[in-house]
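Here the structure is a predicted model, which is why all the values come from computation and not from measurement. Index from 1, following the sequence.
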Amino acid sequence: MPLHAARRQLFRLLLLSAAFIVLLAFVGAGGVVFAWTRFAQGLPELQGWHTHAPKSEFQASDAKPGYTFADYLKQEDKVFAELDSMMKSDWSPKVVGRFSRYKVDSVCNPENILDRNWNRTFVSEAKDPVGGALLVHGLSDAPYSLRALAEKLVAANYTVVCLRVPGHGTSPKALAQSSWNDWAAATRIAMADLRKRIPRELPVIAVGYSNGGALCVNDVCEGLLNNDASARPSALVLISPMIGITPMAEFTELYPAVSWLTGEKKLSWSGIEPEIDPFKYSSWPVNASLQAFRITRHVEASIATLAADGRMKDFPPTLVVQSAADATVIAYRMIDILLDRLPPGRGELILFDINRASWLEGLTDDSFEKHIRPRLTRADLPFVLTIVTNRKVDSPEPVARTLIKGTITEAEIGVPWPTGNFSLSHVALPIPADDPVYGAGQKESTTKLPLGTLALRGERGVLAISSGLMMRMRFNPFYEWTENEILKWITRNASERTDTPR
């Protein structure tokens with residue numbers, strides 16, 4: 001075959017191969033769009049709280065020069081006034097049944113449960129403060145998730161700001177249209193205000209739960225990258241921090257394009273459920289996963305930059321409280337991304353193991369260990385490690401085993417694993433066992449909303465609420481011990497303000 005003919009044949013084959021690859025990609029993308037659309041169409045019908053949100057919600061663009069936290073709180077007042085109006089007028093005729101946070105006289109309405117609405121920002125100024133503490137809650141929930149710790153810090157004479165992150169505490173639609181930049185801007189404004197509320201020489205603590213953990217770490221990183229010492233807290237406490245999440249979350253980047261292409265409104269939701277939880281959205285907008293993915297990637301890149309520049313020595317002492325069994329974040333990724341990059345002795349991890357009681361043998365999946373165990377059994381472990389685990393396999397009594405520079409000490413927890421409980425969970429760690437909503441019992445009889453002990457039995461597919469709501473551990477039976485450990489750690493590691501000359 002002549003050379004020029006062979007070249008034409010090769011070119012034709014390459015062209016056909018390229019066309020085939022494009023066709024496969026097109027068919028594959030079409031399949032994804034079709035499957036995604038069919039899934040969305042099968043979701044329950046959208047309600048008013050899925051399609052409308054208060055219009056006055058804070059956005060990062062609102063934070064123009066001179067904008068203060070007082071302005072944020074005034075804006076929040078407008079947000080909740082608008083929510084109240086929608087509940088009493090637009091949504092009232094559409095609420096079915098007794099259990100809905102959007103029904104004015106419902107037991108699920110957050111206004112009817114406690115002495116204040118814990119969906120809103122909480123501020124408490126100490127008369128003679130020993131420091132300041134900013135608490136930032138997780139994705140889809142509200143300041144209520146950190147209520148117990150906030151009240152403990154108030155009792156310990158800390159001036160406390162427990163922030164409501166934009167898009168939270170109102171309607172799920174608000175979360176469907178907020179961005180991580182809005183969350184980060186609000187966190188930055190709250191931290192700046194907290195510093196003004198206490199004497200300059202006092203320490204400031206940042207406490208972040210879940211997505212709030214990512215926001216607190218992001219705030220620290222931004223301060224370091226911008227050489228702003230005043231933006232850095234004296235110490236950082238992270239509870240179930242959203243530092244490493246499943247790589248599958250990357251697929252949410254396709255959501256805006258697919259949503260625009262199909263025009264299907266329910267495509268914006270990965271779950272639509274009755275809103276029976278007063279302090280956490282039950283429905284889940286795809287945008288929540290998308291924004292969580294974006295902030296975790298941004299935080300990971302920021303930490304990597306600081307590490308490459310040798311700046312992690314300036315990162316504040318950090319305590320991480322984590323459940324080994326966590327369906328939301330990947331515990332070992334948090335170790336790789338953050339704890340391993342801190343200077344030796346600057347990090348500490350309290351890790352709750354699953355229940356190792358012998359009666360559970362063969363019933364639990366411990367495959368998570370293959371990733372996390374090698375990271376914790378190194379001879380050169382750079383952080384202090386405490387593992388809460390069974391004293392022995394035939395006992396429900398856990399102990400805390402702490403490893404510091406090769407030496408192991410053991411301490412009593414004082415509370416056994418609850419009967420029938422096989423692990424903690426992502427949402428359990430900051431919630432006390434006597435919590436009036438998510439706890440094991442009714443501390444305050446007026447609530448009559450025991451979501452922590454909800455146990456309904458019947459046939460599959462009958463209940464409108466997911467089985468995960470009833471099965472997932474909602475409180476921490478070892479909360480009192482956990483809280484005491486956090487307070488002791490803060491006392492040891494937050495003795496002075498970071499931007500004060502030493």
Side-chain angles (χ1 to χ4, degrees), residues 47-49 53-54 73 76-77 79-88 91-92 95-124 135-155 160-165 167-172 174-175 209-210 212 273-283 427-456 464-465 469-470 472-476 479 483:
Q47 302 299 322
W49 41 91
L73 295 178
E76 187 177 270
D77 287 340
V79 166
F80 279 86
E82 292 166 0
L83 177 67
D84 185 63
S85 177
M86 286 187 286
M87 285 178 59
K88 291 180 178 178
W91 299 344
S92 181
V95 179
V96 178
R98 299 173 54 201
F99 299 100
S100 173
R101 66 185 287 173
Y102 300 113
K103 187 176 178 64
V104 174
D105 59 351
S106 171
V107 69
C108 301
N109 185 339
E111 296 283 358
N112 300 335
I113 295 177
L114 300 171
D115 57 348
R116 67 181 307 275
N117 185 350
W118 277 90
N119 281 311
R120 303 193 58 170
T121 298
F122 168 75
V123 179
S124 178
L135 286 75
V136 187
H137 64 80
L139 194 60
S140 89
D141 66 334
Y144 185 85
S145 60
L146 291 169
R147 180 183 79 125
L149 186 55
E151 292 178 339
K152 185 74 171 183
L153 288 166
V154 167
V160 169
V161 173
C162 197
L163 175 70
R164 181 195 68 92
V165 177
H168 295 74
T170 57
S171 69
L175 186 56
Y209 163 53
S210 188
E273 297 196 24
E275 296 295 331
I276 68 171
D277 193 321
F279 303 114
K280 186 177 182 67
Y281 301 142
S282 299
S283 302
V427 299
L429 296 187
I431 307 297
D434 62 359
D435 185 85
V437 176
Y438 306 118
Q442 289 294 97
K443 180 180 179 182
E444 300 175 42
S445 59
T446 56
T447 64
K448 300 179 181 177
L449 188 64
L451 294 182
T453 55
L454 190 63
L456 303 174
I465 57 177
L469 179 63
M470 293 181 287
R472 199 176 198 188
M473 191 69 170
R474 302 297 295 270
F475 65 90
N476 182 356
Y479 177 80
E483 184 180 74

J.: Quick one: are L175 and L139 in side-chain contact, heavy atoms under 4.5 Å?
T.: yes
J.: Not counting sequence neighbours, which residues clear salt bridge (charged side-chain N to carboxylate O under 4.0 Å, His left out) with R101? List them please.
T.: none
J.: For D141, enumerate each residue passing the side-chain hydrogen bond (donor to acceptor under 3.5 Å, both in side chains) test, keeping only those at least two apart in sequence or located in another chain.
T.: H137, S145
J.: Under the rule for side-chain hydrogen bond (donor to acceptor under 3.5 Å, both in side chains), what residues qualify as partners of S171, not counting sequence neighbours?
T.: none
J.: Taking side chain as C-beta onward, heavy atoms only, is V107 less than 4.5 Å from N112?
T.: no
J.: Can you tell me how far CZ of F279 sits from OG of S140, rounded to the nearest 0.5 angstrom?
T.: 13.5 Å
J.: Please name all residues satisfying side-chain hydrogen bond (donor to acceptor under 3.5 Å, both in side chains) with E111, sequence neighbours left out, ordered by chain then number.
T.: N117
J.: Going by ring pair (Phe, Tyr, Trp, His ring centres under 6.0 Å), name the residues that satisfy it together with F80, two or more places apart in sequence or in a different chain.
T.: none
J.: Please name the pair of heavy atoms, one in N119 and one in P278, separated by the smallest distance, quoted to 0.1 Å.
T.: ND2-O, 3.0 Å
J.: Considering non-hydrogen atoms only, spot the tightest contact between L146 and P430 and give its length.
T.: CD2-CB, 4.1 Å
J.: What heavy-atom pair brings G138 and S210 nearest, and what distance separates the two atoms?
T.: CA-CB, 3.9 Å
J.: Can you name the nearest heavy-atom pair linking P436 to R147, along with the distance?
T.: CD-NH2, 3.3 Å
J.: Does some side-chain heavy atom of W91 sit less than 4.5 Å from a side-chain heavy atom of Q47?
T.: no
J.: Would E275 and S283 count as a side-chain contact (heavy atoms from CB on, under 4.5 Å) if you check the C-alpha gap in whole Å, the side-chain angles of each, and the deciding distance to 0.1 Å?
T.: CA-CA 7 Å; E275 296 295 331; S283 302; 2.8 Å; yes
J.: Flag the pair P432 / E483 as yes when at least one side-chain heavy-atom distance between them is below 4.5 Å, and no otherwise.
T.: no
J.: Are E76 and T170 packed together at the side-chain level, in the sense that at least one heavy-atom pair is separated by less than 4.5 angstrom?
T.: no
J.: Just do the side-chain contact (heavy atoms from CB on, under 4.5 Å) check on N109 and M87 with the steps written out, would you?
T.: CA-CA 10 Å; N109 185 339; M87 285 178 59; 3.7 Å; yes
J.: Quick one: list whatever passes side-chain contact (heavy atoms from CB on, under 4.5 Å) with S100, sequence neighbours left out.
T.: V95, Y102, K103
J.: What pairs with E82 under salt bridge (charged side-chain N to carboxylate O under 4.0 Å, His left out), at least two apart in sequence or on another chain?
T.: none
J.: I would like to know whether D434 and Y479 meet side-chain hydrogen bond (donor to acceptor under 3.5 Å, both in side chains); could you show each step before the answer?
T.: CA-CA 10 Å; D434 62 359; Y479 177 80; over 6 Å; no
J.: Under the side-chain contact (heavy atoms from CB on, under 4.5 Å) test, which residues partner S85, sequence neighbours left out?
T.: S89
J.: Over all heavy atoms of both residues, which pair between C162 and A150 is shortest? Give the atoms and the distance, please.
T.: SG-CB, 4.5 Å
J.: With heavy-atom distances below 4.5 Å as the criterion, would you say the side chains of V427 and Y438 are in contact?
T.: no
J.: Which atom names give the shortest non-hydrogen contact between T121 and R116, and what distance separates them?
T.: O-NH2, 3.2 Å
J.: Kindly indicate whether the side chain of L135, heavy atoms from C-beta on, has any atom under 4.5 Å from the side chain of L153.
T.: yes
J.: Please identify each residue that fulfils side-chain hydrogen bond (donor to acceptor under 3.5 Å, both in side chains) with Y144, with sequence neighbours left out.
T.: D435
J.: How about F475 and M473: do any of their side-chain heavy atoms sit closer than 4.5 Å?
T.: yes
